[in-house]
Amino acid sequence: MSNRLPRNFYTRATLEVSKDILGKYLVKKERGKKIVGKIVETEAYIGPRDKASHAYNGKVTKRCKPVYLKGGHFYIYLCYGIHWQLNITTAKKGEPECILIRALEPINDEKARDSKKTNGPGKLCRWMGIDKRFNEEDLVYSKRVWVEDRKDKKIKVVSAKRIGIDYAQEWAEKPWRFYIKDNKFVSRKSKS
DNA sequence: GTACAGATTGAG
DNA sequence: TCAATCTGTACT
């Protein structure tokens with residue numbers, strides 16, 4: 001069996017999990033087909049104090065409700081009416097913190113590697129076939145999706161400012177984006 | 001009830 | 001540079 005990440009991996013401080021989950025493998029199994037992608041880029045969203053978070057100021061809506069679940073669940077929502085965003089919740093139940101998965105490195109899929117199908121939060125969801133059916137999925141117990149540790153050799157992690165949240169003012173300056181140094185699958189856009 | 005903006009992407 | 005396209009939120 002796999003080295004699935006346990007609950008206590010996710011329930012730690014969000015910034016720690018954001019860094020540690022880089023280089024881990026996201027596995028999805030559906031209709032007998034297995035899709036594996038290495039996580040190479042993340043962003044941390046720490047509501048309610050993070051203005052860029054959907055849970056800023058303690059807001060609870062139908063959409064962002066899963067963020068309040070304990071660490072280890074999927075939080076999936078539609079952005080701009082077109083693109084799905086894949087998040088993994090962190091911290092304890094009632095604490096609205098999560099990690100946005102921004103990029104994956106496709107494993108065992110040369111075609112996807114060549115055509116850059118996973119270097120953006122919306123694109124990786126399309127590639128993996130992830131949509132709202134997976135919302136609130138528990139990564140610790142789910143039979144169709146989980147994250148596993150393949151004991152990759154030490155990777156180099158870089159931090160940077162988050163992307164696409166200019167409206168969040170000073171919170172947009174927080175270096176809460178993390179990615180694997182020199183990895184080709186990290187998403188392109190980057191504010192200078 | 002209506003109006004509007006958004007954690008993006010791909011085409012022009 | 002800009003439209004696609006839908007949900008939550010803040011109005012009327």
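Values in this document were obtained by computation on a predicted structure and should not be read as measured data. All heavy atoms count here, side chains included; hydrogens, waters and symmetry mates do not. Here is the naming used below: chain letters follow the sequence lines, and residue numbers restart at 1 for every chain.
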Is there a side-chain contact between A/Lys19 and A/Ile155 in this structure, where contact means two heavy atoms from C-beta onward sitting under 4.5 Å apart?
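Heavy-atom side-chain distance check fails, nothing below 4.5 Å.
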Going by salt bridge (charged side-chain N to carboxylate O under 4.0 Å, His left out), name the pairs with one or both residues in residues 65-76 of chain A, residues two or more places apart or in two chains.
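Output for this query lists A/Lys65-A/Glu136.
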Any salt bridge (charged side-chain N to carboxylate O under 4.0 Å, His left out) pairs touching residues 85-101 of chain A, not counting sequence neighbours?
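Sorted pair list comes back empty.
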Can you check side-chain contact (heavy atoms from CB on, under 4.5 Å) on A/Tyr75 and A/Ile88, steps first, answer last?
CA-CA 6 Å; A/Tyr75 163 41; A/Ile88 296 176; over 6 Å; no
What pairs with A/Tyr77 under side chain to side chain donor-acceptor pair (under 3.5 Å), at least two apart in sequence or on another chain?
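Expected list: none.
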Applying a 4.0 Å non-hydrogen cut-off, can you work out what A/Ile82 is touching in the nucleic acid: base, sugar-phosphate, or nothing?
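Base: the residue A/Ile82, judged by heavy atoms under 4.0 Å, touches a nucleobase.
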Counterpart residues, side-chain contact (heavy atoms from CB on, under 4.5 Å), relative to A/Ser115 (two or more places apart)
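A/Ser115 satisfies side-chain contact (heavy atoms from CB on, under 4.5 Å) with A/Lys117 only.
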Mind checking what makes side-chain contact (heavy atoms from CB on, under 4.5 Å) contact with A/Asn183, not counting sequence neighbours?
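Once residues adjacent in sequence are excluded, the partners of A/Asn183 under the side-chain contact (heavy atoms from CB on, under 4.5 Å) criterion are A/Val40, A/Glu105, A/Ile180, A/Phe185, A/Val186.
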Write down the distance between [atom1] ([X]) and [atom2] ([N]), rounded to a whole number of angstrom.
{"X": "A/Lys62", "N": "C/dG8", "atom1": "NZ", "atom2": "C1'", "value": "11 Å"}
{"X": "A/Lys59", "N": "C/dA10", "atom1": "NZ", "atom2": "C1'", "value": "10 Å"}
{"X": "A/Ile163", "N": "B/dT9", "atom1": "CD1", "atom2": "C1'", "value": "13 Å"}

Check: A/His73/A/Tyr10 side-chain N/O donor and acceptor closer than 3.5 Å:
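Short answer, no.
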Donor + acceptor pair across side chains of A/Glu148, A/Trp146 (<3.5 Å)
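Indeed, the side chains of A/Glu148 and A/Trp146 share at least one donor-acceptor pair under 3.5 Å.
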Spacing of the P atoms in C/dT5 and B/dG12 (rounded, Å):
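Their P atoms lie roughly 14 Å apart.
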Give me the one residue out of A/Arg4, A/Lys28, A/Glu137, A/Lys29 that meets side-chain hydrogen bond (donor to acceptor under 3.5 Å, both in side chains) with A/Ser142.
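Option passing the side-chain hydrogen bond (donor to acceptor under 3.5 Å, both in side chains) with A/Ser142: A/Glu137.
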Those residues of residues 44-53 of chain A lying under 4.0 Å from DNA chain B by at least one heavy atom:
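Within this stretch, A/Tyr45, A/Ala52 sit under 4.0 Å of the strand.
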Filtered N/O pairs between nucleotides 1-3 of chain B and protein, under 3.5 Å:
none

Could you run down the sub-3.5 Å N/O contacts of the protein with nucleotides 10-12 of chain B?
{"residue": "B/dG10", "atom": "OP1", "partner": "A/Arg126", "partner atom": "NH2", "Å": "3.0"}
{"residue": "B/dG10", "atom": "OP2", "partner": "A/Lys123", "partner atom": "NZ", "Å": "3.3"}

Exceeds 12 heavy-atom contacts within 6.0 angstrom, atom CG of A/Asn8
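Yes, enclosed.
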Would you please name every residue forming a salt bridge (charged side-chain N to carboxylate O under 4.0 Å, His left out) with A/Asp131, sequence neighbours left out?
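Testing A/Asp131 for salt bridge (charged side-chain N to carboxylate O under 4.0 Å, His left out), a comparison that skips the adjacent residues, returns A/Arg133.
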For A/Arg7, give me all partners under salt bridge (charged side-chain N to carboxylate O under 4.0 Å, His left out), at least two apart in sequence or on another chain.
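Result, salt bridge (charged side-chain N to carboxylate O under 4.0 Å, His left out) vs A/Arg7: A/Asp138.
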So, is the end of the A/Arg49 side chain (NZ or CZ) under 6.0 Å from the ring centre of A/Tyr56 and within 45° of the ring's axis?
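Output no; distance or angle outside limits.
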Among residues 67-79 of chain A, which contact DNA chain C at a heavy-atom distance under 4.0 Å?
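By residue number: A/Leu78.
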A correct dot-bracket answer for DNA chain B, with pairs being Watson-Crick or G-U at under 3.5 Å, [ ] for crossing pairs and | for inter-strand pairs, is ||||||.||||.
Joint hydrophobic cluster, A/Tyr179 plus A/Ile99, side-chain heavy atoms closer than 4.5 Å
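Yes, same cluster.
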